[in-house]
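Bear in mind the structure is a predicted one, so any value in this text is a computation, not a measurement. Values below: all heavy atoms of this structure, side chains included; hydrogens, waters and symmetry mates excluded.
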Amino acid sequence: MLPSWFRSSARDLLWRRPAFHETYGAWGVLVSEFMLQQTPATRVIPHLEAWLHRWPTPAAMAEATTAQVVHQWANLGYPRRALWLHRAAIEIVERHGGVVPRDVDALLALSGIGDYTARAVAVFSYGDRHPVVDTNTRRVLARAIDGRAHPSPPSRRDLTLMEALLPDDDEEAAMFNAATMELGATICTARAPRCDLCPVADECAWLAAGRPDTGDARRRQAAYEGSDRQARGAVLRVLRDAAPDAVPLTAVIPEWPDARQRDRAIDSLIADGLAEADGEGLALPR
DNA sequence: AAAGCGGGGGT
DNA sequence: ACCCCAGCTTT
């Protein structure tokens, strides 16, 4: 059974410890969920600890500069998340008196928060009953319920399906959400699922059908090597390393093979608010 | 509905 | 080499 498996086998992750919630409350959960968006849990932990030590409340973070926030984000990837988290902290101070809201619609209205993060905060911090659906959950449901090897692209159906499966009790529902995610992260994995260890193997439609290869509905991400994203990452790395100093434009990845791509990267970083140009050169935003 | 957006680790 | 990762915003 899923609950007993979760109690005995769940990873001891930082954000599951009572001391974490006692110290940082919903703000700690919110920051962890931002960092966990498309970044593996094991990579997040050291960054999360450093972040919360520096900015233990939304109010503390709201006082920080954009440059500080982008610099602290370091190499976590998708640095716009740092901007959105900063903006969300400011919005929490302005709209909610510095308290992370509990209401899902209020959470959804914050910058950088979507269906997953909003419900994750409401469930894992406040203990309310909502369907929390991430990539692991979608894969588990695709297999156990639909008998498919891979999930379809995210849709509202994921939420209604998970909602229908949730136990009535708030606490049990929260556990069910977490257990389903954990199952997908550790047993029902994308590449090499370990069905021999699965606590719901007896109830799995995909396993019962002989684990058919139903095709992968996922859209393939474009190659990173040579991409604009790689160029942006290289520019931002230079700015982080130089901070708080500006870098002369001629010294920003001058050896990049494609000069037009380099310029495009710089322009798009400025447009996103991740960089600023002045007489001194290019720098993290004031 | 599809595209754009980091970076690292596993296979 | 390729795939995947506790997604979100914009078009």
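In this structure, of C:dA6, B:dC5, B:dG7, it is B:dG7 that holds the atom nearest to the side chain of A:Arg240. For A:Arg80, counting side-chain heavy atoms from C-beta on, the closest listed nucleotide (C:dA6, B:dG6, B:dC5) is B:dC5. Taking only side-chain atoms of A:Gln37, from C-beta outward, the nucleotide of C:dC4, C:dA6, C:dC8 with the closest atom is C:dC8. For A:Arg229, the side-chain atoms get nearest to B:dG6 when compared with the rest of C:dC4, C:dA6, B:dG6.
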What's the verdict on side chain to side chain donor-acceptor pair (under 3.5 Å) for A:Glu33 and A:Tyr116, showing C-alpha distance, side-chain angles and the deciding distance?
CA-CA 9 Å; A:Glu33 297 300 348; A:Tyr116 167 76; 2.7 Å; yes
Let's go through A:Leu197 and A:Arg194 carefully: what are the C-alpha distance in whole Å and the side-chain angles of both, what is the deciding distance for side chain to side chain contact (heavy atoms under 4.5 Å, CB included) to 0.1 Å, and is it a yes or a no?
CA-CA 6 Å; A:Leu197 300 177; A:Arg194 308 167 66 181; 3.3 Å; yes
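Residue contacts for A:Gln221: at a heavy-atom cut-off of 4.0 Å it reaches a base atom on one of the strands shown. Using a 4.0 Å heavy-atom distance criterion, A:Trp73 is classed as making no nucleic acid contact. Contacts of A:Leu269 with the nucleic acid, taken as non-hydrogen atoms under 4.0 Å apart, are absent. In this structure, A:Leu236 reaches neither bases nor backbone, as no heavy-atom distance under 4.0 Å exists between it and the strands shown. A:Pro154 comes within 4.0 angstrom of nothing in the nucleic acid, heavy atoms only. Contact annotation for A:Thr117: backbone-only contact, meaning every heavy-atom pair under 4.0 Å involves sugar-phosphate atoms and none involves a base. Using a 4.0 Å heavy-atom criterion, one finds that A:Ala190 contacts the sugar-phosphate atoms exclusively.
For B:dG6, the base has a donor-acceptor partner in the side chain of A:Thr39 [N/O atoms by modelled type, under 3.5 angstrom]. Side chain A:Arg43 to base B:dG8: no donor-acceptor pair is found below 3.5 Å.
Nucleotides B:dG6 and C:dC4, compared at atom C1', are 13 Å apart to the nearest Å. With both ends at atom C1', the span from B:dC5 to C:dC5 equals 14 Å, rounded to whole Å. A distance of about 23 Å separates the P atoms of B:dG8 and C:dC8, rounded to the whole Å. Going from the C1' atom of B:dG7 to that of C:dT10 covers 22 Å, rounded to whole Å.
If you take CH2 on A:Trp15 and CE on A:Met35, they are separated by 10.0 Å, rounding to the nearest 0.5 Å. If you take CG on A:Leu274 and CD1 on A:Ile266, they are separated by 13.0 Å, rounding to the nearest 0.5 Å.
The shortest distance between the side-chain N/O atoms of A:Arg138 and the OP1/OP2 oxygens of C:dG7 is not below 4.0 Å. Distances shorter than 4.0 Å separate none of the side-chain N or O atoms of A:Asn75 from OP1 or OP2 on B:dG6. A close approach under 4.0 Å does not occur between any side-chain nitrogen or oxygen of A:Thr42 and OP1 or OP2 of B:dG9.
Between A:Trp84 atom CH2 and B:dG4 atom P the separation is 15 Å, expressed in whole Å. Nucleotide C:dC5 holds its P atom 6 Å from the CG atom of A:Asn136, rounded to whole Å. Between the CG atom of A:Leu274 and the P atom of B:dG6 there is a distance of 8 Å, rounded to whole Å. Atom-to-atom, OH of A:Tyr224 to C1' of B:dA3 comes out at 17 Å; the value is rounded to the nearest Å. Separating the CG atom of A:Asp213 from the P atom of C:dC3 is a distance of 13 Å, rounded to the nearest angstrom. In this structure, A:Gln38 places its CD atom 5 Å from C1' of C:dG7, rounding to the nearest Å. When rounded to the nearest whole Å, the span between CZ of A:Arg232 and C1' of B:dG4 equals 9 Å. A straight line from CD1 of A:Ile187 to C1' of C:dA6 spans 17 Å, rounded to a whole angstrom.
Within a 6.0 Å radius of CZ in A:Arg286, other residues, nucleotides and ligands contribute 12 heavy atoms or fewer.
Using modelled atom types, one side-chain atom of A:Trp73 and one backbone atom of A:Gly77 make a donor-acceptor pair closer than 3.5 Å.
Nucleotide B:dA2 forms a pair with C:dT10, judged by Watson-Crick or G-U wobble geometry with both contacts under 3.5 Å.
Position along DNA chain C of the nearest nucleotide to A:Arg11 versus A:Leu108 favours A:Arg11 as the more 5'-ward residue. Along DNA chain C, the nucleotide closest to A:Asp115 and the one closest to A:Pro40 are compared, and the more 5′ of them pairs with A:Pro40.
The shortest distance between side-chain heavy atoms of A:Ser152 and A:Arg138 does not fall below 4.5 Å.
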